[in-house]
There are 2 protein chains.
Amino acid sequence: MEEVLPVFNSAVSIDCVLFGFDAGELKILLIERNEEPFKDWWALPGNLVGEDESVDQSASRILHELTGLSDIYMEQYYTFGEVGRHPQGRVISVAYYAMLRLGGDKALKPLTSYAKKAQWINVKELPKLGFDHQHIFDKGLEKIKRRIKHLPIAFELLPEKFTLTQVQNVYELILGKKLDKRNFRKKMLSFGVLKELDEKQKGVSFRAATLYKFDRRKYAKLFGKEISF
Amino acid sequence: MEEVLPVFNSAVSIDCVLFGFDAGELKILLIERNEEPFKDWWALPGNLVGEDESVDQSASRILHELTGLSDIYMEQYYTFGEVGRHPQGRVISVAYYAMLRLGGDKALKPLTSYAKKAQWINVKELPKLGFDHQHIFDKGLEKIKRRIKHLPIAFELLPEKFTLTQVQNVYELILGKKLDKRNFRKKMLSFGVLKELDEKQKGVSFRAATLYKFDRRKYAKLFGKEISF
DNA sequence: ATTACTTAGTGTAAAAAATACACACTATAT
DNA sequence: ATATAGTGTGTATTTTTTACACTAAGTAAT
């Protein structure tokens with residue numbers, strides 16, 4: 001067989017860092033591995049790129065196969081290419097992140113035996129991760145910190161209808177610090193991407209907060225602006 | 001021979017987008033290719049990652065081999081992984097950028113026959129580039145635009161001693177718009193990363209401007225701040 | 001030495017944005 | 001009726017951004 005140029009010189013994989021928000025906690029999606037190396041360890045959902053797929057397509061497919069999730073918009077943020085990062089050989093990994101609302105609804109179900117299970121885990125209780133996945137996660141968290149300062153993007157983590165306090169909670173969790181309530185609300189509303197609903201929070205044993213929803217049309221115009229709290 | 005896991009599934013390459021500033025022009029470093037495909041075309045300096053090198057190391061080596069330049073700090077900014085981007089097979093390319101002062105001093109000399117020559121070319125007169133390199137360049141330019149708004153980083157493009165007007169010229173070229181002189185100076189000096197020298201510009205046939213130099217120590221403290229003009 | 005030329009260098013007022021800060025309201029549970 | 005817990009609101013101060021035009025200094029030509 002004639003050698004094709006250029007010659008393959010690496011395995012290329014995808015790793016996905018998915019952030020979710022639920023019950024006041026910032027969570028991340030992990031799988032429990034069912035294959036060597038790092039069998040039985042927790043790891044980021046990841047696998048090899050397909051030869052006939054773009055890396056973006058691979059990312060979607062791999063996430064789906066390992067967790068059952070589909071139609072998740074993920075964004076590439078960095079490529080990890082240290083020589084020793086995979087114990088069995090050269091693997092260069094392209095990392096993606098996404099932010100995601102957790103309804104408790106969708107069950108996570110790996111479609112391959114490569115993962116035993118997939119689970120949302122509180123970022124404050126991260127287990128030891130296989131490979132260099134702790135590092136990949138750390139970089140992903142840095143990335144979304146910068147990201148939510150630029151764009152009011154945290155709605156991706158919330159249900160369709162949400163309260164301003166919920167939005168503030170997400171910001172505080174991601175940024176790791178408290179924000180002033182009045183200033184936060186003023187600023188958030190000033191973006192003009194939230195629509196106030198004629199509807200109140202339900203099932204709480206205190207004054208119910210007003211619900212809002214996110215206006216994607218107006219949101220699209222916001223690119224390039226910086227937010228600071 | 002036993003198959004090693006994971007299996008190589010792609011060629012991985014590096015492409016370098018180097019910006020330089022000289023004689024009032026923003027330039028980019030290109031090579032003229034000496035190999036198929038795109039023989040005799042202009043292209044970004046790029047080649048395959050070595051199997052025993054990190055992608056960062058590969059980037060430095062490849063830049064050196066194709067242009068003779070060394071000790072250039074480059075930053076990774078995106079990985080291009082569309083299926084059809086290389087006509088001869090699957091190649092995923094990790095792109096790096098750098099900003100660089102051009103002294104006219106260092107000659108560019110490819111150390112391999114893979115490039116016929118390397119040359120700094122005005123970004124306003126870009127030739128047609130091979131592969132998807134126009135796209136990679138466009139993304140690189142976007143990246144440095146965002147970058148110089150965040151950090152007063154344009155000094156990398158300037159000689160050790162420079163005038164404020166030179167700094168402003170660089171900003172205007174990269175951002176593609178005129179800036180107000182008084183506001184620019186006020187802002188730039190307010191960062192406190194410039195040291196005014198007891199020295200004036202030489203060899204000009206008009207009032208000589210004060211020279212400044214860049215203070216790396218103070219600069220290191222600036223990360224995270226946003227600049228806007 | 002006068003003049004013309006070219007770039008350097010400077011300040012202020014107005015508008016906009018960011019920050020700091022505290023209490024009354026309202027729904028529920030008992 | 002009362003206790004409780006989170007909701008929702010305004011203003012004054014400071015900081016940052018923007019807009020804007022002339023004089024100063026050095027060189028070159030006559």
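Note that the structure is predicted; figures quoted are calculated from it, not measured. Proteins come first, then strands; the chains are lettered A, B, ... in the order of their sequence lines, and each starts at number 1.
Among the nucleotides C:dA20, D:dG8, C:dT6, the one closest to any side-chain atom of A:Lys186 is C:dA20. With D:dT7, D:dT16, C:dA18 as the choices, the nucleotide that has an atom nearest any side-chain atom of A:Thr165 turns out to be D:dT7. Nearest nucleotide to the side chain of A:Asn183, out of D:dT16, D:dC20, D:dG10: D:dG10. Closest to the side chain of A:Ser205, from the set C:dA29, D:dA19, D:dG10, is C:dA29.
Remark: A:Glu32 pairs with A:Trp42, A:Lys116, A:Lys117 by the side chain to side chain contact (heavy atoms under 4.5 Å, CB included) rule, at least two apart or across chains.
Comparing B:Asp180 and B:Val204 by the nucleotide of DNA chain D whose heavy atom lies nearest to each, the residue mapping closer to the 5' end is B:Asp180. Nucleotides of DNA chain C nearest to B:Lys181 and A:Lys200 differ in position, and the one nearer the 5' end is that of B:Lys181.
A donor-acceptor pair shorter than 3.5 Å cannot be found between the side chains of B:Tyr77 and B:Glu75. Inspection of the A:Arg85 and A:Ser13 side chains reveals no N or O donor paired with an N or O acceptor under 3.5 Å.
Within the 4.5 Å cutoff, side-chain heavy atoms of B:Leu44 are placed close to those of B:Ile28.
What separates CG of B:Leu179 from P of D:dA19 is a distance of 11 Å, to the nearest Å. Rounded to whole Å, the distance from CZ on A:Arg182 to C1' on D:dA12 is 12 Å. As rounded to whole Å, 18 Å separates atom C1' of C:dT19 from atom CZ of A:Arg185. Spacing between atom CD of B:Gln168 and atom C1' of C:dG9 amounts to 12 Å, rounded to whole angstrom units. Note: CD (B:Gln201) to P (D:dT27) measures 11 Å, nearest angstrom. Summarising the geometry, the separation between CG on B:Asn169 and P on C:dT7 is reported as 11 Å, rounded to the nearest angstrom. Nucleotide D:dT7 holds its C1' atom 10 Å from the OH atom of A:Tyr212, rounded to whole Å. The distance from atom CE of B:Met188 to atom P of C:dT10 is 16 Å, rounded to the nearest whole Å.
For a distance-only test at 3.5 Å, the side chain of A:Arg207 qualifies as a donor-acceptor partner of the base of D:dT7.
Between A:Glu199 and A:Lys161, at least one side-chain N (NZ, or NE/NH1/NH2) sits under 4.0 Å from a carboxylate O, which counts as a salt bridge.
A close approach under 4.0 Å does not occur between any side-chain nitrogen or oxygen of B:Thr210 and OP1 or OP2 of C:dA8.
Residue A:Thr163 is out of contact with every strand shown, counting any heavy-atom pair closer than 4.0 Å.
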